[in-house]
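This report concerns only the one structure given below.
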Amino acid sequence: MALKITSKIVDYAVVKPDEPAKAPEPAAPTYVEMHEKLKRPEFLEGSTYKIKTPTSEHAIYVTINDVVLNPGSDHETRRPFEIFINSKNMEHYQWISALTLIISAVFRKGGDCTFLVEELNSVFDPKGGYMKRGGRWMPSLVAEIGDVLEQHLKRIGMLDDEMDEHQRAYLEQKRAEFNNINAPAQAEADCDDSAEIYPAGAQMCSKCHTKAAVQMDGCLTCLACGDSKCG
């Protein structure tokens with residue numbers, strides 16, 4: 001049977017009659033990366049986060065769905081694919097719908113999407129921000145959506161947690177020391193959104209914007225991020 005060669009010949013070798021034929025080399029494995037032409041799978045894993053602001057009666061629910069690429073291989077990765085934001089409050093419907101479309105498009109484009117966190121966190125509300133539960137200040141609702149995105153990217157491994165185990169242990173030690181010195185009355189946590197997880201009277205931390213800075217050992221130390229005026 002004649003074979004038609006359609007490609008250019010770049011090399012050749014003469015096979016001897018007594019020489020066994022060489023097995024063809026296996027093709028290099030191909031790995032799928034995130035790109036805009038990737039079709040949406042039938043099933044996506046996701047997480048839903050609740051945002052309850054003191055400026056609105058209704059909560060906002062942020063759902064981020066992820067796609068798992070190259071499952072079962074050494075190159076298995078989880079990447080965000082789309083985002084949905086829902087609420088009974090229709091006041092922000094227009095810009096929230098636009099925001100979800102833009103963020104989802106950035107997700108599907110592929111590459112590094114972690115820059116979205118910084119961009120969203122830098123949005124300030126001209127009417128002023130608000131203090132969320134736990135004493136952390138949020139400059140705007142958009143910034144809190146960025147905070148939710150940051151939490152999610154850390155969960156799936158796209159962002160590293162800035163605080164390591166040693167820093168966490170240090171903060172736990174400082175909290176225990178502060179509690180022993182001041183012996184505050186600890187109330188059980190309830191559904192009240194005004195409940196604080198840091199000592200009453202704590203000051204605002206200039207680094208993480210959380211009301212968690214307390215005076216310890218002659219220095220103002222943040223019990224949330226570990227920032228200290230002592231260096």
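The figures here come from the full heavy-atom set of this structure, side chains too, leaving out hydrogens, waters and symmetry mates.
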Side-chain donor or acceptor of E150 paired with backbone N/O of G146 under 3.5 Å | no
Are the side chains of I85 and I60 in touch, meaning some heavy atoms are under 4.5 Å apart?
-> yes
What pair of heavy atoms forms the shortest contact from V67 to M34, and how long is it?
-> CG1-SD, 3.8 Å
Donor-acceptor contact present, side-chain S104 to main-chain L101, <3.5 Å | no
Shortest non-hydrogen pair, H35 vs E33, comes out as CD2-O, 2.9 Å
Okay, side chain of S87, backbone of A59: is any donor-acceptor separation there less than 3.5 Å?
-> yes
For the pair D147 and R136, evaluate side chain to side chain contact (heavy atoms under 4.5 Å, CB included) and give the outcome as yes or no after the intermediate values.
-> CA-CA 11 Å; D147 184 64; R136 186 176 179 187; 2.9 Å; yes
Side chain to side chain contact (heavy atoms under 4.5 Å, CB included) with V142: which of D125, V123, N121?
-> V123
Taking the side chain as every heavy atom from C-beta outward, state whether L38 and L69 have any pair of such atoms under 4.5 Å apart.
-> yes
Show your working on side chain to side chain contact (heavy atoms under 4.5 Å, CB included) between F84 and T48 and close with a plain yes or no.
-> CA-CA 9 Å; F84 299 100; T48 300; over 6 Å; no
Can you measure from CE (M131) to CH2 (W137) and round to the nearest 0.5 angstrom?
-> 8.5 Å
When the ring planes of Y31 and H75 are compared, do they come out parallel, tilted or perpendicular, using 30° and 60° as the limits?
-> tilted
Check whether F124 and V117 end up in the same hydrophobic cluster, where Ile, Leu, Val, Met, Phe, Trp and Tyr are linked by side-chain heavy atoms less than 4.5 Å apart.
-> no
To the nearest 0.5 Å, how far apart are CG in D66 and CD1 in I83?
-> 10.5 Å
Residues S97 and T100: closest non-hydrogen pair is O-OG1, 2.7 Å
R40: partners by side-chain contact (heavy atoms from CB on, under 4.5 Å), with sequence neighbours left out = L44, N65, F81, E82
Result for side chain to side chain contact (heavy atoms under 4.5 Å, CB included) between E144 and one of V62, L149, I51 points to I51
Salt-bridge contact E36-K109 (side-chain N to carboxylate O under 4.0 Å) = yes
How far does NE2 of H58 sit from CG of N86, to the nearest 0.5 angstrom?
-> 13.5 Å
Between Y49 and H152, which heavy-atom pair has the shortest distance, and what is it?
-> OH-ND1, 2.8 Å
Note: P80 and F107 closest approach over all heavy atoms is O-CB, 3.3 Å
Examine the side chains of T114 and D112 and answer whether a donor and an acceptor come within less than 3.5 Å of each other.
-> yes
Indicate the atoms forming the closest heavy-atom contact of R78 with I156, along with that distance.
-> O-CD1, 3.8 Å
Same cluster for M138 and L99 if Ile/Leu/Val/Met/Phe/Trp/Tyr side chains link at under 4.5 Å?
-> yes
V106, I145, I102 screened by side chain to side chain contact (heavy atoms under 4.5 Å, CB included) with L116, the one that passes | V106
What residues form a salt bridge (Lys or Arg N to Asp or Glu O under 4.0 Å) with E57, not counting sequence neighbours?
-> none
Are C113 and M158 close enough that some pair of their side-chain heavy atoms sits under 4.5 Å apart?
-> yes
